[in-house]
Each structure stands twice: as C-alpha cells, then as structure tokens.
Amino acid sequence: WVLLPASQFLCRGCVSNGSPRARGVARQFADAPVTIVGLHTVFEHHDVMGPEALAVFLQEYRVTFPVAVERPGRSGGTTPQTMRAYRMRGTPTVVLIDAVGRLRQQVFGIYDDLHLGRDLGSLVAEATLSVAAVQGP
C-alpha cells in the first residue's frame, strides 16, 4: 500500500504535523509492505517553492522518503494536476492507497495518530492476509 502525504514547505500544518507524521510512519512501518512517497504540491508562492528550495527543506527536516514535485495546473490554472485529480482541498493532505491501487482514505488537515494508526493497521493486515493467501499453507 502507499502513503502519500501531500504538502508544501510554507504550510505551517505541513511542517508541524504532516512531515513529522510521515517520517514517523516511515520509521514505524519500515518492515511493513508500505511505500511512502511525498508530494510537494504548490498552489501558491511558486517563485520561492521550487525544487532547489525543496531540497534544502528535505535535508533540514530529515525527510528520507522520496518526494515528487507536483506539476502545475493545466492552462495556467492554479491547482496542480495531481491535487485536482485527487480532488484535494489543500495541504496537508494524506492519501492512503491499498495494495491493489484503490484510494482508501484521504484526510485534509491533521490526520490524528489514533485514526491514522487504525487505518494503517487495517491496510497492513489486509496486505499480510493477501500475501498469505497467495503463498498458501
């Protein structure tokens, strides 16, 4: 399954909650069947939030999982393409995608630890059961 934390480094909620939580998930689920891919989705202040500034932010905040840089909106629109495709309302947003590619959860704002843990535990259990079913007795 995939954990996709969408953020931007000028977003207070992303810096104080989204990024630390995603780093925590990466540590806690290091041995689980999970891929964490961040999404740097910029819908404002484009001139100061480019890839070079992002690289500095990622190093400073010790983000070790890959972070994709969102494509700008089409035809000069302000909403980036992935953000529009997933109908995100803003940042931080966390998207959970299950092992077969279905969007299972999307949370805008603070994804509290209790609910995130429950949802991640469910996906890990499903993935574990799927692997066991394929491998057989």
Side-chain angles (χ1 to χ4, degrees):
W1 51 271
V2 175
L3 173 79
L4 178 81
S7 62
Q8 53 181 326
F9 60 81
L10 291 181
C11 164
R12 187 178 317 171
C14 299
V15 173
S16 66
N17 259 286
S19 293
R21 189 155 283 128
R23 286 192 320 269
V25 169
R27 278 191 313 276
Q28 293 173 352
F29 289 85
D31 296 328
V34 60
T35 300
I36 300 173
V37 179
L39 179 64
H40 178 59
T41 183
V42 180
F43 52 91
E44 58 190 2
H45 307 296
H46 295 274
D47 52 335
V48 295
M49 296 202 347
E52 297 83 18
L54 174 62
V56 172
F57 173 84
L58 295 175
Q59 183 175 1
E60 183 176 329
Y61 284 87
R62 296 181 179 100
V63 175
T64 57
F65 51 85
V67 177
V69 177
E70 173 71 290
R71 290 183 176 176
R74 295 183 183 188
S75 304
T78 59
T79 305
Q81 293 178 32
T82 304
M83 192 173 194
R84 181 182 305 276
Y86 279 84
R87 294 183 176 97
M88 294 179 194
R89 298 185 304 168
T91 58
T93 294
V94 174
V95 177
L96 295 177
I97 301 168
D98 69 15
V100 295
R102 293 179 302 217
L103 186 136
R104 294 289 292 272
Q105 187 63 268
Q106 180 171 309
V107 175
F108 170 60
I110 306 303
Y111 201 161
D112 71 78
D113 289 332
L114 184 61
H115 291 106
L116 177 60
R118 175 201 63 205
D119 294 343
L120 294 175
S122 294
L123 289 173
V124 168
E126 286 178 20
T128 302
L129 289 173
S130 295
V131 168
V134 169
Q135 291 176 346

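Small disclaimer: the values here were computed from a predicted structure and weren't measured.
- Screening T64, V25, L4, V67 for a side chain to side chain contact (heavy atoms under 4.5 Å, CB included) involving I36 leaves a single residue, V25.
- Here the closest non-hydrogen pair linking T35 and V37 is CG2-CG2, 3.7 Å.
- Relative ring orientation between W1 and F29 is described as perpendicular, the plane-to-plane angle rising above 60° on a 0-90° scale split at 30° and 60°.
- Rounding to the nearest 0.5 Å places CG of L58 at 8.0 Å from OG of S19.
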Please determine whether side chain to side chain contact (heavy atoms under 4.5 Å, CB included) holds for the pair F57 and V15, giving the CA-CA distance in whole Å, both sets of side-chain angles, and the decisive distance to 0.1 Å. CA-CA 10 Å; F57 173 84; V15 173; 3.9 Å; yes
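- What you find for A26 and F65 is that their closest heavy atoms are CB-CD2, 4.4 Å.
- Side-chain contact between V124 and V34 is absent, with no heavy-atom pair separated by less than 4.5 Å.
- No donor-acceptor distance shorter than 3.5 angstrom exists from the side chain of Q8 to the backbone of T91, with no hydrogens or angles considered.
- Between the R104 side chain and the D119 main chain, no donor and acceptor come within less than 3.5 Å of each other.
- Around CZ of R84, the count of heavy atoms belonging to other residues, nucleotides or ligands within 6.0 Å does not exceed 12.
- Considering every non-hydrogen atom in both P92 and C11, the closest pair reads CD-SG, 3.8 Å.
- Distance check: M88 CE to T79 OG1 gives 11.5 Å after rounding to the nearest 0.5 Å.
- In the hydrophobic cluster analysis, where Ile, Leu, Val, Met, Phe, Trp and Tyr join through side-chain heavy atoms closer than 4.5 angstrom, I110 is grouped apart from L3.
- Note that CZ of R87 is 14.0 Å distant from OG1 of T93, once rounded to the nearest 0.5 Å.
- To the nearest 0.5 angstrom, L96 atom CG is 6.5 Å from Q105 atom CD.
- Following chains of ILVMFWY side-chain contacts shorter than 4.5 Å, one cannot reach F108 starting from V94, and the two form parts of different hydrophobic clusters.
- At least one donor-acceptor pair closer than 3.5 Å links the side chain of Q106 to the backbone N or O of Y86.
- S122 places a side-chain N or O within donor-acceptor distance of the main-chain N or O of R118, the cut-off being under 3.5 Å.
- Of the possible polar contacts, one joining the R21 side chain to the Y111 backbone as a donor-acceptor pair under 3.5 Å is found.
- Considering every non-hydrogen atom in both R62 and R23, the closest pair reads O-CD, 3.2 Å.
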